[in-house]
Amino acid sequence: LAFAQEDDEEPFRPGLVRELLLTSGERVRELAATPLVTAEEVAAAGGIKHIEWSGLLDFPDTGAYRLAVYGSGKISLKLGGRTVLERSAQAVGWTESAELNFEFGPQPLQITFEPLQNQKIAIGEMGLFWTGPNFGLEPISPRARSAIWPWRANTPTSSSVCPRAVATA
């Protein structure tokens, strides 16, 4: 029982904080398991203007890494406060960062995504991948991402788009 109480106070959660700005003007903040958005999700939301994921990316070893995104839309990735990758394209495709050297441990991560307007509808999708000193191209594992999340069991949740989200004004 003491351990459960300590866990409730832990501010770090697996995943990333995801903040959405919908075309309606509504802002939605949630804890997302992965930095992923699909074209179907963009369409189902009735329009997404902007999504930002933030948290920590935990490097398992010291060495050379490359980050890659697969998607369409306008995508920017910052790591340790510096922009390491940008993509803006209507067609789905790959963009890879230059080789980046990191020490073992966490680095602040920020990803922004904006669907591009195409004949009055917003389209776009995105997924995040990496290569490292001891592994080839793969999706970034949930255990390598954490978020500082002020989650509490009694936090009100409401959103027609994201059932586990907290809507903010």
Side-chain angles (χ1 to χ4, degrees), residues 10-22 27-45 47-118 121-149 151 159 161-165:
E10 176 60 48
F12 293 97
R13 300 280 185 229
L16 297 170
V17 174
R18 180 169 95 160
E19 296 185 43
L20 293 91
L21 174 58
L22 305 178
R27 293 184 181 274
V28 178
R29 186 172 191 223
E30 67 179 343
L31 187 61
T34 184
L36 173 72
V37 63
T38 65
E40 293 78 19
E41 183 179 17
V42 172
I48 294 173
K49 281 187 173 181
H50 181 88
I51 303 174
E52 183 175 303
W53 291 268
S54 58
L56 299 171
L57 181 56
D58 197 13
F59 289 88
D61 294 302
T62 297
Y65 291 83
R66 287 186 188 268
L67 295 154
V69 295
Y70 180 77
S72 63
K74 185 177 178 184
I75 302 164
S76 175
L77 191 144
K78 289 184 180 181
L79 200 49
R82 64 185 172 128
T83 301
V84 297
L85 187 148
E86 291 184 312
R87 175 177 175 78
S88 184
Q90 291 279 353
V92 175
W94 287 96
T95 300
E96 189 175 83
S97 73
E99 188 172 275
L100 307 163
N101 290 299
F102 284 99
E103 298 290 322
F104 165 82
Q107 286 287 324
L109 172 68
Q110 180 183 9
I111 306 162
T112 57
F113 168 81
E114 293 177 15
L116 298 174
Q117 299 301 315
N118 183 20
I121 61 168
I123 60 167
E125 57 187 294
M126 189 210 69
L128 183 63
F129 302 82
W130 65 351
T131 61
N134 300 313
F135 57 91
L137 184 67
E138 63 182 36
I140 296 178
S141 165
R143 69 180 175 272
R145 301 181 305 265
S146 61
I148 300 171
W149 180 247
W151 180 88
S159 173
V161 179
C162 307
R164 65 186 185 285

R82 and L100, any side-chain heavy atoms less than 4.5 Å apart: yes
Under 3.5 Å donor-acceptor, S97 side chain and L67 backbone: yes
Minimum heavy-atom distance between F104 and T62, given as atom pair plus value: N-OG1, 3.0 Å
Interatomic distance, T131 atom OG1 to E138 atom CD [nearest 0.5 angstrom]: 9.0 Å
Where F135 and P60 come nearest, the two heavy atoms and their spacing: CE2-CG, 4.4 Å
Value rounded to 0.5 Å, distance of CD in Q110 from CG in L16: 11.0 Å
G63 to P133 - nearest heavy-atom pair and separation: CA-CG, 4.0 Å
Nearest heavy-atom neighbours spanning A68 and L85: CA-CD1, 4.1 Å
Option from L109, T83, T112 for which side-chain contact (heavy atoms from CB on, under 4.5 Å) with L77 holds: L109
Heavy-atom pair of closest approach, residues G73 and F113: CA-CE1, 4.3 Å
Geometric class of the F102/F59 ring pair [parallel <30°, tilted 30-60°, perpendicular >60°]: parallel
Euclidean distance, R18 CZ relative to E30 CD, rounded to 0.5 Å: 4.0 Å
Greater than 12 external heavy atoms within 6.0 Å of E99's CD: yes
Donor-acceptor contact present, side-chain R87 to main-chain G71, <3.5 Å: yes
From CD (E52) to CD (E114), nearest 0.5 Å: 10.5 Å
Intermediate values then yes/no, side-chain contact (heavy atoms from CB on, under 4.5 Å), I111 and V69: CA-CA 10 Å; I111 306 162; V69 295; 5.9 Å; no
Separation of I75 CD1 from I51 CD1 (nearest 0.5 Å): 10.0 Å
Shortest non-hydrogen separation from L137 to F129 and the atoms involved: CD1-CB, 3.7 Å
Spacing of CG belonging to L128 relative to OH belonging to Y70, to within rounding of 0.5 Å: 14.5 Å
